[in-house]
Number of protein chains: 2
Amino acid sequence: MTIATVARHARVSRQTVSNVLNAPHIVREETRQRVQEAIAALGYRASQAARQMRTGRSRLIAVRIEPTRDGINGSVLDRFLHGLTETAEAAGYRTMLYTASDTAREIAAYDDLLSAYDLDGFVLTGTHHGDPRTAWLAERGVAFVTFGRPWDDPEAHPWVDVDGAAGTGRATGHLLARGHRRIGFLGWPAGSGVGDDRRAGWREALRAAGIDPTGLDRETEDGIAEGERSMRDLLATDAPPTAVVCASDSLALGALQAVRAADPPVAVVGFDDTPVAAAVGLTSVSQPLGDAAARCVDLLTAVLDGDQQTPAPVLLQPSLVLRHTA
Amino acid sequence: MTIATVARHARVSRQTVSNVLNAPHIVREETRQRVQEAIAALGYRASQAARQMRTGRSRLIAVRIEPTRDGINGSVLDRFLHGLTETAEAAGYRTMLYTASDTAREIAAYDDLLSAYDLDGFVLTGTHHGDPRTAWLAERGVAFVTFGRPWDDPEAHPWVDVDGAAGTGRATGHLLARGHRRIGFLGWPAGSGVGDDRRAGWREALRAAGIDPTGLDRETEDGIAEGERSMRDLLATDAPPTAVVCASDSLALGALQAVRAADPPVAVVGFDDTPVAAAVGLTSVSQPLGDAAARCVDLLTAVLDGDQQTPAPVLLQPSLVLRHTA
DNA sequence: TTGTAGGCGTTATCAT
DNA sequence: ATGATAACGCCTACAA
């Protein structure tokens with residue numbers, strides 16, 4: 001069934017049917033209705049392929065599905081993808097997946113997706129300093145949004161992010177309110193935007209409460225074993241912390257093992273609110289992933305539909321999910 | 001850039017370029033090479049839209065992304081999706097995502113995807129008795145594979161599954177080898193194919209060892225709290241089990257809480273090897289999700305490329321990942 | 001083995 | 001406001 005079938009059924013020309021679909025306002029009300037009825041009666045759907053060939057637009061957006069790294073943090077992508085697909089559907093776009101094991105291959109994937117499938121836009125996750133992917137896309141005028149700030153230049157392109165500093169700040173505030181003074185922090189080595197941001201939130205919250213954060217934090221790679229080691233290290237100091245905020249649930253889980261037998265118990269707060277946190281009762285900072293995904297689609301469609309060139313970035317607030325550990 | 005650009009560049013007709021792409025064997029070696037070089041030099045890629053319009057095939061397969069249910073089991077989808085996308089790419093197919101909150105909407109989604117995007121095939125996850133989705137697709141001659149057996153008729157359509165009974169059987173065997181005799185089972189209410197299968201594996205393993213499984217199992221909905229309750233129930237019997245096999249990591253986590261202070265410790269085995277299991281050291285049955293995804297693509301492309309009408313189903317073996325709890 | 005002609009379903013342009 | 005015509009890039013049939 002084609003647009004011609006509908007045209008015959010409604011006794012109009014093909015062009016009029018096309019107009020009803022793409023520019024309803026220029027068709028006379030009565031004609032419009034007749035065509036709409038024919039469309040409904042026939043169950044007609046425009047062929048994307050034909051439309052795409054004519055317009056050069058595919059109504060497709062792409063997002064990379066990463067190999068689950070450490071398993072614990074991997075499950076955030078799940079929720080993000082679902083939100084993305086759902087919101088995109090509502091906006092008339094479909095979501096396409098691609099994989100890439102490194103940045104060079106990812107750029108090759110863009111090239112393929114763009115030239116073969118005419119992709120309309122990309123959603124990138126996890127940007128870092130001097131990310132070559134954003135430069136490549138921007139150079140070619142391809143529409144894209146990142147979930148994660150461009151740490152070099154906040155104006156570079158549309159982005160959505162969660163305010164990590166506010167998250168760790170909130171966690172620290174909660175611990176302060178519970179009477180803790182010596183509150184530690186377990187985070188990643190300096191240099192990663194996300195990690196530095198989360199550390200800064202903790203540091204500023206302590207300073208605002210008149211507490212010197214010096215010596216209360218540790219830098220380590222992500223992982224359960226690493227978290228345990230760093231926490232033991234922290235506990236072995238002259239003035240060990242009575243509570244600790246962590247940059248990830250993995251680190252928090254390790255910390256939890258290190259403080260297992262401590263009395264009075266040492267409070268632990270994680271980050272990401274992964275299923276693992278829920279399972280073991282770990283208090284954790286939760287990112288609004290569904291919202292974040294939805295706003296990514298909003299920004300991308302804003303660019304694609306030409307509403308504006310560079311829509312304003314979106315910074316979402318995380319929340320603290322209280323459980324047993326803090 | 002079109003096929004004509006390449007043709008000019010290689011000083012052949014458009015048709016010859018097309019032949020090099022779609023039927024290389026009928027082009028003279030020398031000509032073929034010249035065309036290949038032109039393609040590479042120009043970075044030419046055939047437009048899927050145009051190709052699709054002519055051939056009616058999109059080289060697109062679709063898979064549903066579900067809202068993360070209980071968080072713990074949700075993360076399996078992640079790994080499956082990655083494997084699927086990767087294998088599909090290698091076979092020249094792209095993966096498209098869709099959402100649906102219930103079966104009726106899912107069928108509506110098929111309709112849309114099929115008529116608007118000309119989807120080549122679907123991968124369904126989690127089939128159940130009398131699944132209307134498979135009937136709908138089969139009726140219309142749409143290619144699809146399910147990850148999960150058709151419990152009514154194993155010949156109904158191509159499928160890939162993991163042998164759940166073998167998994168629980170293996171777990172039970174491991175516990176028997178460790179000297180356990182009274183081995184319990186925590187599973188879901190009878191009626192779900194997957195649940196019944198997992199229970200049967202445990203039951204048969206016990207019977208084969210000359211042990212009567214009567215009274216050693218419990219039926220409950222999935223969940224941590226439910227697992228804990230059922231385990232307590234089992235421990236309160238006259239002859240409580242010294243070990244337990246569970247139908248999911250959620251149930252196992254609950255069981256773990258119920259047996260926390262038991263001495264001698266009660267062994268616990270979960271199912272799915274989720275990140276949570278890894279985090280808490282839970283021994284669990286692991287499904288080869290990457291393999292399963294790859295075989296799904298194999299079966300689907302076999303149908304699409306017309307190699308055979310109904311390729312033989314694939315039953316994969318799970319493995320037992322040993323950790324602290326058993 | 002290579003070239004020519006036509007059409008897939010849609011939308012843009014232009015005429016009515 | 002509506003209709004006729006052409007073109008998007010490709011592949012299949014057929015002719016050379």
Side-chain angles (χ1 to χ4, degrees), chain A residues 1-39 42-60 92 112-120 304-306, chain B residues 1-36 38-39 42-60 92 112-120 305-306:
Chain A
M1 169 178 25
T2 80
I3 211 171
T5 323
V6 178
R8 255 194 319 274
H9 195 96
R11 296 187 318 274
V12 295
S13 73
R14 292 180 319 188
Q15 182 52 30
T16 299
V17 178
S18 176
N19 285 338
V20 169
L21 258 28
N22 304 299
H25 54 278
I26 70 164
V27 180
R28 201 198 329 155
E29 175 61 18
E30 181 201 287
T31 317
R32 204 179 55 72
Q33 284 232 340
R34 205 168 66 234
V35 173
Q36 293 282 23
E37 276 160 22
I39 289 175
L42 266 38
Y44 166 80
R45 245 111 166 179
S47 152
Q48 273 301 320
R51 169 173 290 178
Q52 173 181 342
M53 200 153 89
R54 193 67 183 105
T55 62
R57 302 210 17 204
S58 61
R59 300 201 76 84
L60 246 35
D112 183 53
L113 254 8
L114 248 18
S115 51
Y117 288 88
D118 254 311
L119 250 87
D120 284 353
L304 291 174
D305 300 346
Chain B
M1 171 178 22
T2 80
I3 212 170
T5 322
V6 179
R8 253 194 320 274
H9 195 96
R11 296 188 316 274
V12 295
S13 73
R14 293 180 318 186
Q15 179 51 27
T16 301
V17 179
S18 177
N19 285 340
V20 169
L21 258 28
N22 303 299
H25 54 278
I26 69 164
V27 181
R28 198 194 335 151
E29 175 61 18
E30 180 202 286
T31 317
R32 204 177 56 71
Q33 284 230 342
R34 203 169 67 235
V35 173
Q36 292 283 23
I39 289 175
L42 266 37
Y44 167 80
R45 246 111 167 178
S47 151
Q48 271 303 318
R51 170 174 288 179
Q52 173 181 342
M53 203 153 87
R54 195 67 183 88
T55 62
R57 301 207 20 201
S58 61
R59 302 202 75 84
L60 245 35
D112 184 53
L113 253 11
L114 249 17
S115 51
Y117 287 88
D118 253 311
L119 250 87
D120 283 354
D305 300 345

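Just so we're on the same page: letters track the sequence lines, and every chain starts at 1.
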Requested in this report: Specify the separation, in whole Å, of atom CD of A/Glu30 and atom C1' of D/dT2.
Outcome: 13 Å
Query raised in the report: Among the nucleotides D/dG3, C/dT2, D/dC11, which one has an atom lying closest to any side-chain atom of B/Thr31?
Result: C/dT2
Query raised in the report: Closest heavy-atom contact between B/Tyr117 and B/Leu60?
Result: O-CD2, 4.5 Å
Query raised in the report: Is there a donor on the side chain of A/Arg54 or the base of D/dC8 sitting less than 3.5 Å from an acceptor on the other?
Result: no
Query raised in the report: Taking the side chain of A/Val27 as heavy atoms from C-beta outward, which of D/dT2, D/dC10, D/dT5 is closest to it?
Result: D/dT2
Report task. Name the closest nucleotide to the B/Ser13 side chain, picking from D/dC11, C/dG9, C/dG3. Result -> C/dG3
Query - Nucleotide nearest B/Thr16 when distance is taken to its side chain, options C/dT2, D/dC8, D/dC10 - result: C/dT2
Query raised in the report: So what does B/Ala46 hit on the nucleic acid, given a heavy-atom distance under 4.0 Å: a base, only sugar-phosphate, or nothing?
Result: sugar-phosphate
Query raised in the report: Between C/dT11, D/dC11, D/dT2, which one does the side chain of A/Gln15 approach most closely?
Result: C/dT11
Query raised in the report: Between A/Thr55 and A/Arg51, is there a donor-acceptor pair closer than 3.5 Å when you use the side chain of the first and the backbone of the second?
Result: yes
**Report entry** Value in whole Å for how far the P atom of C/dC8 lies from CD of A/Gln52
**Finding:** 19 Å
Requested in this report: Taking only the side-chain nitrogens and oxygens of A/Thr2, find out if one of them lies under 4.0 Å from OP1 or OP2 of C/dC8.
Outcome: no
Report task. Answer yes or no: does atom CD of B/Glu29 have more than 12 heavy-atom neighbours from other residues, nucleotides or ligands under 6.0 Å? Result -> yes
Report task. For the pair B/Arg59 (side chain) and B/Gln48 (backbone), establish whether a donor and an acceptor sit closer than 3.5 Å, ignoring hydrogens and angles. Result -> no
Query raised in the report: Picking from D/dC11, C/dT2, D/dT2, which would you name as closest to the side chain of A/Arg28?
Result: D/dT2
